[in-house]
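The structure displayed is predicted, hence computed values, not measured ones.
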Amino acid sequence: MVNVISYMATMLELELRKLKNDRMELYTRAIQPMLWLVLYGTVISRIRAIPTGGIPYIDYITPAIIIQSSTFISIFYGLTLVWERESGILKKLITTPLPRYSIVIGRSFASGVRSLFQILIITIIALLLGVKFYNVFYFIIASLIIFFVSSGFASLSVVIASFMKTRERFMGIGQAITCPYSLLVMGCIP
């Protein structure tokens with residue numbers, strides 16, 4: 001049991017080292033949610049076209065933007081696996097003594113950590129725009145839930161990617177997952 005946890009921690013550390021060496025990925029993934037908050041959130045707030053029950057619209061939309069952007073990263077996380085298969089890195093990784101499930105779980109938790117970074121960046125932007133988080137305890141609990149949901153989506157993504165031979169096929173599956181999911185998050189599906 002201790003070995004399995006250390007194997008998963010090794011995979012998590014590998015992914016975090018990638019992030020440490022290439023922080024630009026985190027920043028570029030924050031561009032779309034930032035545009036949603038800055039442009040869409042502020043414009044709709046001024047128009048007051050959507051009823052929010054007395055809550056400022058930008059405060060109302062911020063949780064959905066956090067959830068959507070952090071889990072979308074996880075849904076397409078398996079794309080890395082397809083790329084690693086094409087470049088030959090996956091063969092080298094599979095020949096290590098790591099159990100294959102520890103690779104999947106370690107990478108899934110790494111995706112959860114990436115989602116926490118995404119939450120942090122979006123939260124800082126939202127606070128600069130004047131968004132009020134009404135209950136800090138709920139925010140912390142929501143962040144933990146997002147961490148585990150993102151890890152779950154990443155696991156699903158890695159499993160799906162293990163059957164896909166090309167990035168294009170995987171992108172089609174990812175798009176099929178994200179469309180209904182984004183409608184659900186944004187409140188279009190009851």
Side-chain angles (χ1 to χ4, degrees), residues 12 15-16 18-53 55-80 83 107-158 167 170-190:
L12 178 61
E15 292 298 313
L16 291 177
K18 286 181 188 177
L19 276 179
K20 182 181 176 186
N21 293 327
D22 186 19
R23 291 187 192 132
M24 195 60 152
E25 179 184 346
L26 289 174
Y27 303 138
T28 56
R29 289 182 188 229
I31 291 172
Q32 182 186 15
M34 183 172 52
L35 290 174
W36 272 94
L37 281 173
V38 172
L39 295 178
Y40 187 71
T42 55
V43 169
I44 298 296
S45 289
R46 291 185 183 141
I47 295 173
R48 293 186 176 96
I50 299 173
T52 60
I55 298 171
Y57 184 73
I58 199 160
D59 292 9
Y60 180 78
I61 197 170
T62 298
I65 292 171
I66 288 173
I67 292 168
Q68 184 180 29
S69 64
S70 60
T71 53
F72 273 23
I73 292 170
S74 302
I75 290 172
F76 289 101
Y77 196 71
L79 198 57
T80 306
W83 176 80
R107 289 203 167 174
S108 299
F109 282 151
S111 178
V113 170
R114 285 177 187 234
S115 71
L116 292 177
F117 282 118
Q118 188 80 7
I119 291 169
L120 179 68
I121 292 169
I122 295 169
T123 302
I124 290 169
I125 294 167
L127 289 172
L128 291 174
L129 291 173
V131 172
K132 294 173 190 74
F133 292 95
Y134 297 98
N135 191 326
V136 177
F137 177 73
Y138 289 161
F139 179 77
I140 293 169
I141 296 298
S143 296
L144 287 173
I145 291 170
I146 291 171
F147 170 81
F148 287 112
V149 168
S150 295
S151 297
F153 273 127
S155 296
L156 178 65
S157 178
V158 167
R167 287 178 268 189
F170 180 79
M171 291 297 287
I173 299 290
Q175 289 295 329
I177 293 170
T178 58
C179 185
Y181 176 74
S182 62
L183 292 174
L184 180 69
V185 167
M186 295 308 257
C188 298
I189 298 175

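Distance check: M34 CE to I124 CD1 gives 12.5 Å after rounding to the nearest 0.5 Å. Rounding to the nearest 0.5 Å gives a distance of 5.0 Å between CD1 of I67 and CD1 of I146. Distance check, rounded to the nearest 0.5 Å: CD1 of I31 to CH2 of W36 gives 16.0 Å. Remark: L37 CG to I65 CD1 distance equals 4.0 Å, nearest 0.5 Å. Taking CG from L128 and OG1 from T123, the interatomic distance works out to 11.0 Å, rounded to the nearest 0.5 Å.
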For residues 115-122, dump all side-chain donor-acceptor pairs below 3.5 Å to protein atoms at least two apart in sequence or in another chain.
residue: S115; atom: OG; partner: G112; partner atom: O; Å: 2.5
residue: S115; atom: OG; partner: S150; partner atom: OG; Å: 3.4
residue: Q118; atom: NE2; partner: R29; partner atom: O; Å: 3.0

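Closest approach of V131 and D59 over heavy atoms only: CA-OD1, 3.1 Å.
A donor-acceptor pair under 3.5 Å links the side-chain atoms of S157 to the main chain of I75, judged by distance alone. Checking side-chain atoms of S151 against main-chain N and O of S108 turns up a donor-acceptor pair under 3.5 Å.
Residues satisfying the ring pair (Phe, Tyr, Trp, His ring centres under 6.0 Å) criterion with F147, sequence neighbours excluded, are F109. For F137, the side chain to side chain contact (heavy atoms under 4.5 Å, CB included) test picks out N135, I141, with sequence neighbours left out. In this view, F139 and F133 satisfy the ring pair (Phe, Tyr, Trp, His ring centres under 6.0 Å) rule, not counting sequence neighbours.
Within the structure, salt bridge (Lys or Arg N to Asp or Glu O under 4.0 Å) contacts touching residues 137-147 (residues at least two apart or in different chains) do not occur. Within the structure, every pair that satisfies the salt bridge (Lys or Arg N to Asp or Glu O under 4.0 Å) test and touches residues 111-125, not counting sequence neighbours, is listed here: E15-R114, E25-R114.
Using cut-offs of 30° and 60° for the angle between ring planes, the Y60 and Y57 rings count as tilted.
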